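Inspection log for the structure reproduced underneath, given as structure tokens.
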Amino acid sequence: MAHPRYPHIFTPLDLDFLRLKNRILMGSMHTGLEDVQGGFPRMAAYFAERAKGGVGMIITGGIGPNEEATGGGAKLSTPEEAAGHRIVTEAVHAADPEVKICLQILHAGPLAGTPACVAPSPVRSRIGRFVPNELDEAGIEKQLADFANCAAMAKLAGYDGVEIIGSAGYLLSTFLVEKTNLRTDRWGGSFENRMRFPLEVVRRVRAAVGERFLLIFRIPAMDMLEGGMSGEEVVTLAQEVEKAGANIISTHFTWHEAQVPTIATMVPRAAFAEVTGRIRRHVGVPMITSNRINMPDVAEAVLAAGHADLVSMARPMLADPELVNKARDGREDEINTCIACNQACLDHTFMGKLTSCLVNPRACHETILVPRPAERRRDLAVVGAGPAGLACATELAARGHRVTLYEAASEIGGQFNLAKRIPGKEEFAETLRYFRRRIDLLGIDLRLDTRATADMLAEAGHEEVFVATGITPRVPDLPGIDHPKAVGYIDAILGRKPIGRKVAIMGAGGIGFDVAELITHAGPSAALDIATFQKEWGLDFANHPRGGVTGLVPQVAKADREVVMLQRKEGAPGRSLGRTTGWTHRLTLSRRGVRMVGGVTYLAIDDDGLHTLVNGEPTLFNVDTVIICAGQLPERSLHDALVARGIPSRVIGGAHEAAELDAKRAILEATELALAA
Ligand code: FAD
Ligand code: NAP
Ligand code: SF4
């Protein structure tokens with residue numbers, strides 16, 4: 001019988017030799033576990049938890065077929081290496097024999113971090129470290145043989161199939177476009193020739209693994225490059241890939257070097273699904289779509305609209321391994337939603353750190369952060385219901401402790417209530433919905449509108465207090481800081497004080513950038529409107545010109561305001577922003593005409609504006625408003641008072657250490673402490 005709410009998601013997909021139990025798969029993500037000693041048992045636990053959580057199919061992180069494909073990263077080319085992978089496949093099949101797991105074969109081509117990297121032509125990528133070595137005939141033959149061997153090893157390791165990534169600026173895709181394929185032999189020139197290598201990879205892999213083994217091919221559905229693939233070429237590629245032996249075609253958006261955000265939180269949910277839908281009309285095999293599909297209703301709508309046969313959810317599976325089971329059981333309000341911040345997943349990958357998840361620090365740490373029932377049920381208090389207090393209270397209660405959660409405000413969330421008001425950060429509200437539901441389910445005694453004091457807590461007689469009272473904004477010691485032109489960031493975000501037409505933002509950290517986004521924004525949030533998103537990033541989904549890019553100057557709506565962002569440090573502001581998202585914030589603000597000035601010494605605020613020295617030169621910023629975003633200080637007065645009275649107290653989150661604090665650290669710190677308490 002069809003599922004009442006998600007009939008498309010829970011309709012199995014039958015291929016001749018294999019059945020997928022539902023239409024949601026966990027997309028490929030590099031976690032770093034592939035590369036570390038002892039990584040396979042941890043990977044096994046990580047994937048097995050997702051298999052138990054109901055997903056129909058899992059794709060591993062990218063694994064190279066040879067050394068030159070990876071530059072020292074994980075590869076699979078020998079039976080010994082296959083033995084390690086067997087730990088993973090066995091764990092997944094033991095968790096649920098119906099769940100399929102495929103190995104992603106990733107040949108990074110010019111993006112492999114090795115001087116031995118290879119490509120059709122010696123064209124260095126904008127983001128590559130080396131000029132790749134041009135492949136000759138023998139080199140091409142070697143790569144083809146290595147792909148086939150890798151797939152055979154995947155079969156030996158117990159995988160149900162392989163996914164070949166043919167997009168993103170990795171090897172296969174560099175054959176497809178003229179700017180990276182300058183060859184004049186049979187591997188270059190016409191599109192037919194440029195397709196030859198990817199298609200030959202598919203044929204060789206198929207020949208190596210036989211017919212009853214899943215072969216998924218990921219096409220560059222829209223590469224977002226000037227002079228990239230046209231819509232017609234993408235369709236032709238998909239049709240030829242199907243003929244060459246792929247069972248499923250997956251769509252991938254953008255090359256890594258293109259300057260269009262495709263998964264960050266300012267990208268609308270399911271933004272690119274319609275692109276997959278257009279290709280799907282011309283193809284016989286099932287198609288997968290992906291990107292910013294983070295809740296089951298979004299996945300169901302994509303499938304119901306006919307945009308795809310399967311939906312890939314990658315980061316949402318880091319955030320909540322049980323997502324599919326929760327959807328099946330009508331417990332959507334319990335889903336810990338991926339907010340697309342990239343802070344603990346993609347940013348970590350780019351920093352060479354293990355992947356985790358801001359909202360779920362257990363991701364990829366399943367064998368380390370293990371929730372165990374408390375040995376003795378204790379009466380505990382948590383003060384402050386920001387991210388740190390929420391994570392702490394819910395983990396403590398889940399372990400069986402009796403928890404009272406005090407919050408001075410009339411709602412939970414702390415600074416997330418400010419963050420969710422920033423255009424492009426609407427998803428942050430989901431985290432608060434998740435915690436609200438957890439609080440109900442776990443029977444936590446939530447006391448809103450209650451500013452806890454040491455007296456109150458002493459009288460209540462809790463055995464221990466966890467102080468998560470957050471921060472107070474730093475107020476720089478400056479003549480005129482109490483002038484009516486000076487406005488704190490909280491008042492600015494909450495609209496409690498008027499903001500003038502000419503504005504200086506003092507401080508260019510994360511909050512300074514968010515405030516700049518808020519006060520220069522006009523019209524609908526691009527994160528909520530796919531048409532606006534296309535306009536702002538110069539894309540055209542319907543006509544699919546080369547690369548999907550219009551070539552027109554992006555049309556960014558902006559408020560009628562002149563804004564300058566200032567910082568004391570030398571150099572351009574924005575260096576502290578996330579690795580994978582900072583550039584989008586900087587680019588958006590510069591398109592809105594926001595000026596950024598470093599090397600500033602603040603002197604005074606008065607009726608004329610903000611007096612400063614810029615690189616030693618006296619400079620007056622003649623503005624109507626100065627918004628103070630000068631960092632934060634820990635709010636520890638309650639903790640100090642408790643300690644003074646001898647009441648056991650532990651302090652977490654911003655209250656512990658405000659410098660460089662973000663929600664990732666707040667939630668991790670709280671989780672670690674609660675699991676050990
Ligand atoms: P807080 O969130 O400050 O919560 C403290 C809570 O304690 C508050 O609710 C307060 O009312 C309560 N409280 C204080 N004293 C008492 C008392 N005596 N009794 C009862 N309750 C009390 N971080 C990111 O990682 N990524 C982002 O993209 C991001 N964007 C942000 C955007 C904005 C606009 C802002 C302002 C912050 C952003 N942050 C972001 C930072 C992030 O929100 C903080 O790091 C995080 O909220 C800190 O959590 P916390 O629980 O320690 O403190
Ligand atoms: P922040 O990132 O530390 O930035 C503080 C800014 O204030 C810096 O520009 C700093 O640079 C300036 N400053 C520090 N002391 C000052 C002083 N005495 N006078 C004037 N300026 C001073 O902190 P934040 O912007 O307040 O953000 C708080 C936390 O929330 C951060 O840790 C951040 O990671 C997190 N957050 C993250 C995001 C995100 O997108 N990931 C978004 C918002 C917030 P100079 O000293 O050079 O002037
Ligand atoms: Fe999603 Fe952020 Fe978690 Fe990454 S860290 S999975 S983007 S919530």
Side-chain angles (χ1 to χ4, degrees), residues 29 263-265 294 314-319 336-348 355-360 363 383-392 405-409 411-422 425 427-428 431 447-448 450-453 456 467-478 489-490 493 505-515 518 565-571 573 576-578 581-582 585 598-600 602 628-632 634-635 637-638 652-656 658-667 669-670:
M29 281 175 292
I263 60 169
T265 194
N294 63 346
R315 296 171 301 165
M317 296 293 164
L318 291 177
N336 196 2
T337 305
C338 166
I339 58 174
C341 64
N342 283 356
Q343 286 175 240
C345 50
L346 221 59
D347 284 351
H348 277 207
T355 289
S356 185
C357 172
L358 180 144
V359 299
N360 173 25
V383 182
L390 290 167
C392 182
L405 175 58
Y406 298 89
E407 169 53 54
E411 55 182 341
I412 65 163
Q415 293 173 66
F416 262 34
N417 286 313
L418 300 175
K420 74 182 187 193
R421 290 169 172 258
I422 308 299
K425 285 197 170 175
E427 292 284 4
F428 282 55
T431 304
R447 312 262 178 98
L448 293 172
T450 308
R451 181 165 292 278
T453 61
M456 184 193 288
V467 176
T469 44
I471 53 88
T472 46
R474 178 185 284 120
V475 181
D477 185 10
L478 193 72
Y489 68 81
I490 298 178
I493 294 173
I505 298 178
M506 185 190 290
I511 292 177
F513 268 83
D514 276 354
V515 165
L518 181 71
M565 295 182 71
L566 310 172
Q567 70 174 20
R568 298 175 306 173
K569 283 185 281 295
E570 298 287 337
S576 65
L577 300 178
T581 50
H585 297 299
V600 179
Y602 307 112
I628 315 295
C629 305
Q632 304 177 328
E635 173 45 65
S637 53
L638 178 66
I652 47 175
H656 178 219
E660 291 177 17
L661 176 89
D662 59 10
K664 179 180 75 173
R665 203 182 86 206
I667 291 176
E669 204 173 278

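Note that ligands are numbered from 1 as they come in the structure, with each ligand's atoms numbered from 1 the same way. Computed from a prediction, not measured in an experiment: that's the story for all the values here.
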Looking at [atom], what's its closest protein heavy atom, distance included?
atom	value
atom 10 (C) of ligand 2	Lys569 NZ, 4.1 Å
atom 4 (O) of ligand 2	Gly509 CA, 3.4 Å
atom 37 (C) of ligand 2	Gly510 CA, 4.3 Å

Which of the atoms of ligand 2 are close to [X], meaning less than 4.0 Å from one of its heavy atoms?
X	answer
Asp662	34 (O)
Glu660	32 (O)
Asp514	42 (C), 43 (C)
Pro476	19 (N)
Gln632	26 (O), 28 (C)
Leu661	29 (C), 30 (O), 31 (C), 32 (O), 33 (C), 34 (O), 35 (C)

Name the option, out of [options], that contains the heavy atom nearest to [atom].
atom	options	result
atom 22 (C) of ligand 2	Ser576, Ala630, Pro573, Pro473	Ala630
atom 24 (P) of ligand 2	Thr581, Leu566, Ile511	Ile511
atom 5 (C) of ligand 2	Gly654, Ala666, Gly631, Ala663	Gly631
atom 3 (O) of ligand 1	Glu427, Gln415, Arg447	Gln415
atom 5 (C) of ligand 1	Ala468, Ala655, Gly414	Ala468
atom 50 (P) of ligand 1	Ala388, Cys341, Cys629	Ala388

Per-atom contacts, ligand 1 versus [X] - under 4.0 Å to a heavy atom:
X	value
Ala452	17 (C), 18 (N), 19 (N), 20 (C)
Thr450	19 (N), 20 (C)
Leu358	25 (O)
Gly386	2 (O), 4 (O), 6 (C), 51 (O)
Ile493	34 (C)
Gly654	52 (O)
Phe428	27 (C), 28 (O)
Leu418	36 (C)

Looking at ligand 2, does any of its N/O atoms fall within less than 3.5 Å of an N/O of [X]?
X	value
Arg568	yes
Ala508	yes
Gln567	no

Just heavy atoms, cut-off under 4.0 Å: does [X] contact ligand 2 by side chain, backbone, both, or neither?
X	value
Lys425	side chain
His585	neither
Gln415	neither

At under 4.0 Å between heavy atoms, which part of [X] makes contact with ligand 1: side chain, backbone, both or neither?
X	result
Gln343	side chain
Ile490	neither
Asp662	both

Give a yes or no on whether the backbone of Val359 and the side-chain of Asn336 come within a donor-acceptor separation of less than 3.5 Å.
-> yes
Which pair of heavy atoms, one from Ala363 and one from Ser356, lies closest together, and at what distance?
-> O-OG, 3.3 Å
Tyr489 near ligand 2, heavy-atom distance under 4.0 Å?
-> no
Below 4.0 Å from any atom of ligand 2, is there a heavy atom belonging to Cys629?
-> yes
Would you say [X] touches ligand 1, if touching means a heavy atom closer than 4.0 Å?
X	result
Pro387	yes
Glu635	no
Lys425	yes
Asn417	no

Protein heavy atoms: any of them under 4.0 Å from atom 41 (N) of ligand 2?
-> yes
Would you say atom 24 (C) of ligand 1 has a protein heavy atom nearer than 4.0 Å?
-> yes
Under 2.8 Å from atom 2 (Fe) of ligand 3, which protein atoms of type N, O or S occur, listed by chain and number?
-> Cys341 SG
Check whether any N or O atom of Ala666, backbone or side chain, sits under 3.5 Å from an N or O atom of ligand 1, and answer yes or no.
-> no
Say whether Ala419, considering both its backbone and side-chain N or O atoms, lies within less than 3.5 Å of an N or O atom on ligand 1.
-> no
Heavy atoms from other residues, nucleotides or ligands near CD of Glu660 exceed 12 (cutoff 6.0 Å) | no
